[in-house]
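Data first, discussion second: the structure below is written as structure tokens.
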Amino acid sequence: MTTSVRHDTVLTLRGIVKTYPGVRALDGVDLTVRAGEVHAVLGENGAGKSTLVGVAAGAVAPDSGTITLLGREHRRLTPALARADGLALVYQTPVLVGSLTVAESMLMLLPERVRPGVDQVAAWTRRHLDELGLPIDAATLVADLTPRQAHLIEIAAALGSEPQVLVLDEPTEALGPDETEWLFEQVRRLVAAGGAVVYITHRIPEIRQIAQRLTVLRDGRVVDSGDVGAQTDEEIVELIVGRSLETTFPPKADLPTADLPTADLPTADLPTADLPTADLPTADLPTADLPTADLPTADLPTAGRTDASSSLLTFDGLTGTGFRGVNGGVHRGEILGLAGVEGNGQRQFLRALAGLVPASGRVAVDGRPVRLTGPAAAARHGIVFLSGERLAEAMFGQLSVRENVAATHLPAVSIGKVLPRRGAERQTVAAAVTSLRVKTATLDSPVGALSGGNQQKALLARAALGEPAVLLVEDPTQGVDAGARVEIYRVLRELAARGTAVVVLSTDAVELEGLCDRVLVFSRGRVQAELAADTLSERHVTGAAVLATEAAVEHGANRTRPPRRRLFGGETQTLAVLAMTVVGAAVTAASSPAFLSLISLQQLLVAAASLALVGLAQLVVVITGGIDLSVGSTVAVAVVVVSFFADGAPAAFAIGIVAAVGAGILVGLINGTLVTAVGLPPVVATLITGIGVLGMAQLLRPLPGGAASGALRTLLGTTIAGVPLTFLVAVAAGVAGHLLLRRSRLGRALRATGSDPVRAARMGVDTIRTKLTGYAIAGALAALGGVVLYAQTGVGNAAVGQALTLASVAAVVLGGASIFGGSGSALATVAAALFLQTVTSAISFLSFSLAWQFWIQGVLVVAAASLPLLRNRRRRRAVVALAAG
């Protein structure tokens with residue numbers, strides 16, 4: 001770790017102001033961070049903490065104010081500049097993109113001064129992860145990592161950048177106790193070496209453990225700053241929320257539990273003496289300012305009105321990956337907690353109840369057996385699941401608050417359950433949002449723009465509208481501030497009071513003690529203890545977990561998922577398509593031997609060359625997350641342009657090639673500008689450009705003309721060992737494209753941008769420039785395809801090339817590229833172009849109707865597009881199983 005340049009004050013923010021529509025996120029905020037200290041930043045969700053560190057790290061541009069990093073003053077930074085200057089930021093949600101490997105992600109995140117070369121990155125990453133004690137393979141795709149592993153990799157990359165300022169945004173939310181202690185050890189080492197750490201968290205005990213100073217934000221302003229030891233925990237909480245929290249948890253219902261089936265649970269070894277519970281008050285909350293009458297159902301029953309005479313949810317012998325033989329049940333109006341050291345089966349058990357993972361055994365709701373074949377089956381029985389991965393699994397991040405809250409309630413606010421009644425929908429959602437005090441500028445604001453606490457309250461509003469029989473809640477207050485926790489606890493208790501059976505999984509023993517009526521403590525896949533009434537305390541919950549002596553259930557919960565083998569450099573799709581081509585050619589030759597004649601094969605390769613180049617053009621745009629409908633028009637204008645240089649010497653034709661490629665680049669830049677600067681969807685932007693470019697080509701060549709001279713035709717027909725020169729050019733372009741995408745920084749930037757442009761930007765990628773470059777490369781390749789097409793036809797014709805647009809899409813998809821962006825193979829695209837042209841030629845030799853060409857292409861494209869989706873679905877299930885096990 002470098003210590004060559006150190007400053008007493010390493011980071012200073014002065015007068016930082018940042019506004020969003022309807023929200024002043026930061027209002028003149030000052031922050032000073034010194035070398036050799038951990039400086040904690042606290043505040044409720046929405047207080048401005050993440051915006052502030054985003055400004056410091058260059059991810060957010062402030063409206064005004066200055067940033068001084070290691071003695072250099074800036075009006076604003078970029079993520080790449082901040083990293084280069086010695087600041088590393090670890091976001092609460094990992095910024096890694098799924099299409100990159102762990103090693104490639106390291107290359108993207110590390111600054112130039114410490115970045116290893118492409119050939120050394122794999123070995124460097126393995127060595128770095130080994131030194132940090134992280135058993136994760138450098139060749140693993142990020143998409144195959146669990147959220148916890150992705151978070152650890154991002155922390156490892158930040159540490160590998162040898163930062164002088166390390167910013168950690170809610171770093172322990174995704175980590176277990178062991179990983180948290182590991183992180184604290186890394187923080188202590190960095191601080192001991194003279195570095196500084198800005199630490200954002202909601203966990204006050206963590207601040208007590210590692211921080212020296214703190215700054216508290218509220219409503220975008222600094223309300224206090226000083227030494228951590230200067231305030232008590234209660235005083236810090238009061239500073240955060242702006243009011244005194246006399247109690248955290250609402251009173252519990254008085255529910256009988258004797259009739260619930262339970263297993264024989266060992267409790268004799270649990271500590272029972274001197275268990276402090278008096279410090280958890282249970283007095284009524286002061287809730288005068290928290291409206292409850294407007295909750296989205298009729299009058300709420302109180303605890304005394306709850307029917308607790310029977311268990312609503314029962315489970316007998318429930319067994320699945322990571323857990324087995326779980327028996328028990330939940331009463332109407334009861335809140336059951338699930339506890340245990342992370343990775344002991346409780347998370348998988350909860351998800352099995354939601355129908356998300358397979359399990360055997362008996363589950364019943366209100367006495368009726370339930371077959372949990374999936375989430376839809378669970379929902380039909382009134383089981384609602386709220387995932388702890390809010391944006392990834394529970395919310396529609398691009399939709400509005402209104403659309404998210406009303407998502408499961410649309411039939412009730414529609415005419416005939418089909419035609420929506422917008423007024424009724426808005427009224428219903430507004431009541432739910434107001435009831436839960438969701439802070440949002442408008443109901444139509446994107447839900448992804450809300451803070452974590454407000455997102456969770458929006459989810460609870462959705463659940464309340466559905467009046468669930470059983471509510472399963474995973475990590476209800478993860479990433480949620482103290483004030484929002486109070487409201488979430490209140491809402492969960494009120495939902496239980498209506499008669500809902502609530503099951504809560506939490507890693508916070510204090511939360512389980514204060515909120516739940518009973519708690520099941522898991523250890524190694526079994527229920528180790530059931531705690532209720534006097535035995536339900538933080539110490540009992542923790543003791544039941546750490547003193548367990550159960551034998552382990554065989555599962556992969558604590559193992560790292562091995563990386564998928566990348567046979568033949570990950571080009572198995574290329575080999576598969578080439579094999580299909582050989583089989584197709586052999587079948588055709590069996591019926592028509594002339595198909596394999598030299599002239600026939602040369603014509604096939606010449607035709608495949610233009611499609612391969614246009615397919616590569618399409619691939620570059622698809623990888624960035626778009627689609628280019630102008631490639632056919634670019635081919636046409638290139639054919640026309642080059643035809644004006646074809647009646648002279650071959651040297652003049654070379655000038656024509658340069659002019660044609662230049663025209664293609666111009667078309668690509670126009671497309672890129674419309675997509676990035678104007679904000680048009682790629683389909684619309686490239687369609688508009690394609691129409692205009694085609695019109696220009698037709699103006700230049702209203703009729704076919706510009707035939708190639710005899711000498712030029714001879715040159716264009718050149719073969720090497722019987723292989724047309726034009727096809728060799730296409731193959732060379734495919735190899736160059738492979739090297740560009742797999743071994744260059746631009747290729748990684750293209751893939752990252754296509755996977756997730758927001759995360760890519762936070763990784764330091766200039767996504768706008770990357771997209772512009774991608775579209776320019778696509779235009780150049782499409783124009784080169786037009787030159788090759790001219791070599792095939794020998795005449796300038798503006799009517800050619802349009803069929804190549806759809807054919808290029810077919811080649812890209814058949815080559816295994818993701819239609820959602822982020823991945824694709826240049827070599828596989830060239831192979832797919834050869835296969836498609838083989839099919840086209842075979843149809844004519846076999847005397848089939850031309851319609852067969854389109855039928856075959858359509859079937860192959862649908863199959864090729866479906867297979868990656870199925871693979872991704874299995875991958876997500878495997879990752880979820882690993883994370884939850």
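When a residue number appears, it is its place in the shown sequence, counting from 1.
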Checklist entry - Hey, mind stepping through Val10 and Gln164 against side-chain contact (heavy atoms from CB on, under 4.5 Å) and telling me if it holds? => result CA-CA 8 Å; Val10 292; Gln164 297 186 54; 5.6 Å; no

Checklist entry - So with a 6.0 Å cut-off around CZ of Arg769, is the heavy-atom count from everything else above 12? => result no

Item to check | Nearest heavy atoms of His39 and Leu214, plus distance in Å | outcome: NE2-C, 3.7 Å

Checklist outcome for this item: Closest non-hydrogen contact found for Glu235 with Ala230 is OE1-O, 4.1 Å

Item to check | Spacing of Arg402 atom CZ and Thr442 atom OG1 [to the nearest 0.5 Å] | outcome: 9.5 Å

Item to check | Arg213 side chain to Thr32 backbone, donor-acceptor under 3.5 Å | outcome: yes

Checklist outcome for this item: Correct closest heavy-atom pair for Pro171 and Ile200 would be CD-O, 3.3 Å

Checklist entry - Is there side-chain contact between Arg188 and Ile210, with at least one heavy-atom pair below 4.5 Å? => result yes

Next on the checklist: Donor-acceptor pair, distance only, cut-off 3.5 Å: does the side chain of Asp63 make one with the backbone of Thr19?
Outcome noted: yes

Checklist entry - Can you tell me how far the OG1 atom of Thr215 sits from the CG atom of Leu217, to the nearest 0.5 Å? => result 7.0 Å

Item to check | Leu159 vs Leu166 side-chain heavy atoms within contact, under 4.5 Å | outcome: yes

Checklist outcome for this item: Minimal heavy-atom distance between Leu96 and Ala150, with the atoms involved, is CD1-O, 3.6 Å

Next on the checklist: Quick one, Asn454 with Thr440, criterion side-chain contact (heavy atoms from CB on, under 4.5 Å). Give me CA distance, side-chain angles, the key distance, then yes/no.
Outcome noted: CA-CA 8 Å; Asn454 285 301; Thr440 177; over 6 Å; no

Next on the checklist: Please determine whether the number of non-hydrogen atoms from other residues, nucleotides or ligands lying under 6.0 Å from atom CZ of Arg72 exceeds 12.
Outcome noted: no

Next on the checklist: Treating Arg113 as the side-chain partner and Ser161 as the backbone partner, does any N or O pair qualify as donor plus acceptor under 3.5 Å?
Outcome noted: yes

Item to check | Atom of Arg208, atom of Val228 and distance for their closest heavy-atom approach | outcome: NH1-O, 2.9 Å

Next on the checklist: For Val95, is there any backbone N or O sitting under 3.5 Å from a side-chain donor or acceptor partner on Glu154?
Outcome noted: yes

Checklist entry - If you measure only the distance, is there a donor-acceptor pair under 3.5 Å linking the side chains of Thr773 and Thr770? => result no

Next on the checklist: Run Leu145 and Leu152 through side-chain contact (heavy atoms from CB on, under 4.5 Å) and show every step you take.
Outcome noted: CA-CA 10 Å; Leu145 298 176; Leu152 291 171; over 6 Å; no

Next on the checklist: Using modelled atom types and a 3.5 Å cut-off, is there a donor and acceptor pairing between side-chain atoms of Lys457 and backbone atoms of Ile488?
Outcome noted: no

Next on the checklist: What's the separation between atom CG in Leu168 and atom OH in Tyr91, rounded to the nearest 0.5 Å?
Outcome noted: 12.5 Å

Checklist entry - Under 3.5 Å, is there a donor-acceptor pair between the side chain of Arg218 and the main chain of Leu239? => result yes

Item to check | Gln456 side-chain N/O to Pro476 backbone N/O, donor-acceptor pair under 3.5 Å | outcome: yes

Item to check | Ionic contact status for Arg490 with Glu487, cut-off 4.0 Å | outcome: no

Checklist entry - How about Leu100 and Ser755: do any of their side-chain heavy atoms sit closer than 4.5 Å? => result no

Checklist entry - Are a donor atom and an acceptor atom from the side chains of Gln92 and Ser50 found within less than 3.5 Å of each other? => result no

Item to check | Short N-O contact, Arg347 and Asp475, less than 4.0 angstrom | outcome: yes

Item to check | Main-chain N/O of Leu134 paired with Trp182 side-chain donor or acceptor, under 3.5 Å | outcome: no

Item to check | Flag, side chain of Asp30 to backbone of Gly15, donor-acceptor distance under 3.5 Å | outcome: yes

Next on the checklist: Walk me through whether Gln212 and Arg34 qualify under side-chain contact (heavy atoms from CB on, under 4.5 Å).
Outcome noted: CA-CA 10 Å; Gln212 290 78 48; Arg34 303 167 184 163; over 6 Å; no

Item to check | Contact check, side chains of Leu26 and Val17, non-hydrogen atoms, under 4.5 Å | outcome: no

Item to check | Flag side-chain contact, heavy atom, 4.5 Å: Pro79 against Met763 | outcome: no

Next on the checklist: Using a 3.5 Å distance criterion without hydrogens, assess whether the side chain of Arg126 forms a donor-acceptor pair with backbone atoms of Ala103.
Outcome noted: no

Checklist entry - Do the non-hydrogen side-chain atoms of Thr140 and Gln149 ever get within less than 4.5 Å of each other? => result no

Next on the checklist: Quick check for you: to the nearest 0.5 Å, what is the distance between Met108 atom CE and Arg745 atom CZ?
Outcome noted: 5.5 Å

Checklist entry - How many angstroms lie between atom CG of Asp137 and atom OG1 of Thr125, to the nearest 0.5 angstrom? => result 10.0 Å

Checklist entry - If you round to the nearest 0.5 Å, how far is OG1 of Thr201 from CD1 of Ile207? => result 6.0 Å

Item to check | Residue pair Arg748 / Arg751, side-chain heavy-atom distance below 4.5 Å | outcome: yes

Checklist entry - Can you find a pair of side-chain heavy atoms, one from Glu181 and one from Gln209, that are under 4.5 Å apart? => result yes

Item to check | For the student: nearest non-hydrogen atoms of Val97 and Val142, plus distance | outcome: O-CB, 3.2 Å

Checklist entry - So with a 6.0 Å cut-off around CZ of Arg221, is the heavy-atom count from everything else above 12? => result no

